[in-house]
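Report on the structure given below.
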Amino acid sequence: MNDRLREGAAKRTATEPQPIRFRPTLKGRRPDAVSREEVRGLLGDAPRRRDLLIEHLHRINDAYGHLADRHLVALADEMRLSMAEVYEVASFYHHFDIVKAGEAAPPGITVRVCDSLACELGGAKDLLERLPAILGSEVRVIGAPCIGRCEQAPAVVVGQHPVACASVDRIATLVKSKSLRHPQASDTGTFEPVAFVEPEHTPGVQADVTPAYVGYAAYRAGGGYRLAAECISGKRPVDEVIARMEHSGLRGLGGAGFPTGRKWRIVRAEPAPRLVAINIDEGEPGTFKDRTYLERDPHRFLEGMLIATWAVDAAACYIYLRDEYHGCRAILEAELEKLRADPPFKLPEIQLRRGAGAYICGEESAMIESIEGNKGFPRLRPPYVAQVGLFGRPTLEQNMETLYWVRDILERGPEWFAAFGRNGRKGLRSYSVSGRVKKPGVHLAPAGISVRELIDEYCGGMLEGQTFYGYLPGGASGGILPASLDHLPLDFDTLQPYGCFIGSAAVVILSDRDRAIDAARNLMRFFRHESCGQCTPCRVGTAKMVELIERPVEEWDQPLVTELSEAMMDASICGLGQAAPNPVLSVLKYFPHELA
């Protein structure tokens, strides 16, 4: 009887449609009522879209100083995501502190001491050793990768309050007063980038973390947004504008150096809808030019962004700003609000997105993944971002400084920009100079200038009693060159024959008090910390390289170091792993006496 019943049931199952059973809730741990209400209160009426996950994580982290697992459960439920999705994103980014049930939350105040190369040269190690005992157990003191203030070394952040040329006393004072927010900047500043070409007009005082900036009213009064209005009204034809950008020779100033006008033309030819994504992650150790311009003249960049958006006929703009730039974020939020309240023309959708502490998100496809609310894993190419980018749409990805120069190039003519240059090169470059010079900072100089000319003409020479020994021409990943090669033009395509590259023009100067080996060790520790872990050659290679070069120099296995470098360069997915060996290879090639 039972066999016949089972046989009949099987036949009915095979022939009759069965109702689909839906789970009323997601599988996994359920949120408690208190946590759910706390998360809902923080999110307010903000959309619960998947691409806003990182923004919502920031709201919780800012409010509580950490991410309790109960809040992650509630957020996952509120956004209709699995707990695994929320946790893998939250755990990927360095600025999110996840606290599991039963674990102690981190102290209420965190002091981040930048331990990247320029700050190490400036005394960061001493601060890291002394501060814990002075500040006490109620304050967390941690080393942090580059915070984008290399000219202010040693740089420290107390909560969200940056401290330039930091001292123990200054940090202790801020901690005691609980001054944890970036000081508010004034919008009454003046700034003329063209005058900045002259060495004596280099902007900013070393210890100034909140310079006054050009606000919306002042920018409009000075002719701001007039050019963009002419473009959008049709007074300036698109093809003519793109042609002028091509003729200027302006190349992407984030590091890759792709011709700007050509990129606009390529993206415009892709099917609509198209998008624009602006990279202000600026995580390369030694680089701080984007911050320097943004905190003084934000609307010049915004106008360039709007012109680029019009030129490629994009539907929306996404600005991705690194989390360390709290002051810049406040400026952009305030000035975008003014722009929307009194627009000079119909504006596209503009969204400001906040990074969360991941160097890899400076890579264009990793940045796009982060904007979409994902881990910052670089994508395999092809397809390229210009074809399949943000939300699967053709995307114009540009560095902030690239767009900053659009207004001046179009108003003054492409010949104006191309007329600058030395040693056979054309254009202007913003060199972020740090290290052993009298006048560190962003120096706007002719492209192709040599490091010797840069030091003598713009940086006031070397520090007293110190002799020029070597330099990094392109930040952490650009390699290290000796003083004997101080005549090389600093520009795109000029340094590759020497195993280096200019990248974002982050120039770090070393003196006879430094060793290239120590610089390479610092940089490799940075790459090990910042590897996203997606591909084995980079994830394992950076860790293994640190292990190899931390040994005493007489124990270096140079053939193995070279073989490991080749494997990383050949097999890594993105530029991080491909360029990470450059500092070590430079030591082998140009500083063999340090290994003797």
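Here, residue 1 is the first one in the sequence, and each next residue gets the next number. Atom set for the values below is all heavy atoms of this structure, side chains included, hydrogens, waters and symmetry mates excluded. Worth saying up front: this structure is predicted, and the values here are computed from it rather than measured.
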For His95 and His58, run ring pair (Phe, Tyr, Trp, His ring centres under 6.0 Å): C-alpha distance rounded to whole Å, both residues' side-chain angles, the deciding distance at 0.1 Å, then the answer.
CA-CA 9 Å; His95 290 182; His58 273 302; 7.8 Å; no

For a salt bridge (Lys or Arg N to Asp or Glu O under 4.0 Å) check, start with the C-alpha distance between Glu401 and Lys289, then their side-chain angles and the critical distance, and finish with the verdict.
CA-CA 8 Å; Glu401 195 208 343; Lys289 60 182 180 61; 3.1 Å; yes

Given side chain to side chain contact (heavy atoms under 4.5 Å, CB included), test Gln160 with Arg329 step by step and report yes or no.
CA-CA 12 Å; Gln160 295 183 358; Arg329 185 170 65 253; 4.3 Å; yes

Where do Trp405 and Leu253 land on the side chain to side chain contact (heavy atoms under 4.5 Å, CB included) test, with the steps shown first?
CA-CA 10 Å; Trp405 292 111; Leu253 299 174; 3.9 Å; yes

Residues Leu321, Leu294; criterion side chain to side chain contact (heavy atoms under 4.5 Å, CB included); working and verdict
CA-CA 11 Å; Leu321 179 68; Leu294 193 57; 4.0 Å; yes

Side chain to side chain contact (heavy atoms under 4.5 Å, CB included) for Tyr318 and Thr395? Distances and angles first, verdict last.
CA-CA 10 Å; Tyr318 290 78; Thr395 302; over 6 Å; no

Would Asp115 and Arg525 count as a salt bridge (Lys or Arg N to Asp or Glu O under 4.0 Å) here? Give the steps.
CA-CA 10 Å; Asp115 58 10; Arg525 288 192 294 268; over 6 Å; no

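Here Ser35 contributes atom OG and Leu75 contributes atom CG; the two are 11.5 Å apart, rounded to the nearest 0.5 Å. Note that the OH atom of Tyr87 and the CG atom of Leu72 stand 8.5 Å from one another [nearest 0.5 Å]. Rounding to the nearest 0.5 angstrom, the gap separating the CG atom in Leu52 from the CG atom in Leu43 is 9.0 Å. With rounding to the nearest 0.5 Å, the separation of CZ in Arg300 from OH in Tyr225 is 10.5 Å. Here the straight-line distance linking atom CG of Leu67 with atom CD1 of Ile98 works out to 6.0 Å at 0.5 Å rounding. In this structure, Met545 CE and Met524 CE are separated by 5.5 Å, a value rounded to the nearest 0.5 Å.
Contact check for Asp32 versus Arg70: side-chain heavy atoms found under the 4.5 Å cut-off. Side-chain atoms of Pro344 and Leu339, non-hydrogen and from C-beta on, do get closer than 4.5 Å to each other. Contact check for Val546 versus Arg521: no side-chain heavy atoms found under the 4.5 Å cut-off. Side-chain contact between Met305 and Ile350 is present, with heavy atoms from C-beta onward closer than 4.5 Å. At a threshold of 4.5 Å between non-hydrogen side-chain atoms, the residues Arg112 and Thr110 count as touching. Using a 4.5 Å heavy-atom threshold, the side chains of Val141 and Leu135 count as touching.
More than 12 heavy atoms of other residues, nucleotides or ligands shown are found within 6.0 angstrom of NZ on Lys338. Other residues, nucleotides and ligands contribute over 12 non-hydrogen atoms within 6.0 Å of the CD atom of Glu192. Within 6.0 Å of the CZ atom in Arg50, the count of heavy atoms belonging to other residues, nucleotides or ligands exceeds 12.
Without hydrogens or angle criteria, Thr287 side chain to Glu282 main chain gives no donor-acceptor distance under 3.5 Å. Checking side-chain atoms of Tyr431 against main-chain N and O of Leu490 turns up a donor-acceptor pair under 3.5 Å. Side-chain atoms of Glu530 never come within 3.5 Å of backbone atoms of Ala358 as a donor-acceptor pair (strictly under, hydrogens ignored). In this structure, the side chain of Glu138 does not engage the main chain of Pro107 through any donor-acceptor pair within 3.5 Å. Gln534 contributes a side-chain N or O that, together with a main-chain N or O of Pro378, makes up a donor-acceptor pair within less than 3.5 Å. Tyr216 places a side-chain N or O within donor-acceptor distance of the main-chain N or O of Asp342, the cut-off being under 3.5 Å. The backbone N or O of Thr173 lies less than 3.5 Å from a partner atom in the side chain of Ser177, making a donor-acceptor pair. For the pair Thr402 (side chain) and Gly252 (backbone), a donor-acceptor distance under 3.5 Å is absent. Using a distance-only test at 3.5 Å, with no hydrogens or angles considered, no donor-acceptor pair links the side chain of Gln466 to the main chain of Ser511. Arg539 contributes no side-chain N or O that, together with a main-chain N or O of Ser531, makes up a donor-acceptor pair within less than 3.5 Å.
Ion pairing between Arg149 and Glu324 fails under the 4.0 Å rule for side-chain N and carboxylate O. Classification of Arg354 and Glu55 as a salt-bridged pair fails, no side-chain N sitting under 4.0 Å from a carboxylate O. A salt bridge is defined here as a Lys NZ or Arg NE, NH1 or NH2 lying under 4.0 Å from an Asp or Glu carboxylate O, and Arg130 with Asp126 meets this definition. In summary, Arg40 and Glu78 engage in a salt bridge, as defined by a charged side-chain N under 4.0 Å from a carboxylate O. Ion pair Lys100/Glu103 not flagged as a salt bridge, since none of the NZ, NE, NH1 or NH2 atoms sits closer than 4.0 Å to an Asp/Glu carboxylate oxygen. At a threshold of 4.0 Å, the pair Glu369-Lys375 does not count as salt-bridged, since none of the basic side-chain nitrogens sits closer than that to a carboxylate oxygen. We find that Arg140 and Asp97 are joined by a salt bridge, their nearest charged nitrogen and carboxylate oxygen being less than 4.0 Å apart. A salt bridge does not link Glu337 to Arg340: none of the charged nitrogens lies less than 4.0 Å from a carboxylate oxygen.
Residues Phe191 and Tyr213 place their aromatic rings such that the two centres sit no closer than 6.0 Å. Aromatic ring centres of Tyr404 and Tyr293 lie closer together than 6.0 Å. Centroid-to-centroid, the aromatic rings of His326 and His161 stay 6.0 Å apart or farther.
Nearest heavy-atom pair across Ile371 and Ala277 is CD1-CB, 4.4 Å. Residues Ser504 and Arg429 come closest through the heavy atom pair C-NH2, 3.9 Å. Scanning both residues, Val209 and Gln152, for their nearest heavy atoms gives CG1-OE1, 3.9 Å. Minimum heavy-atom separation, Tyr219 to Val214: N-CG1, 3.8 Å. For the residue pair Pro348 and Cys317, the shortest heavy atom distance occurs at CG-SG, 4.1 Å. What you find for Ala356 and Tyr320 is that their closest heavy atoms are N-OH, 4.3 Å.
For the residue pair Ser365/Glu363, the side-chain donor-acceptor check at 3.5 Å is satisfied. Inspection of the Arg528 and Thr542 side chains reveals no N or O donor paired with an N or O acceptor under 3.5 Å. With 3.5 Å as the limit, one finds no donor-acceptor pair spanning the side chains of Ser432 and Glu151.
Note: Tyr93 and Phe96 have perpendicular aromatic rings, judged against thresholds of 30 and 60 degrees for the angle between ring planes.
Cation-pi check for Arg322 over Tyr325 is met; the charged atom lies under 6.0 angstrom from the ring centroid and within 45 degrees of its normal.
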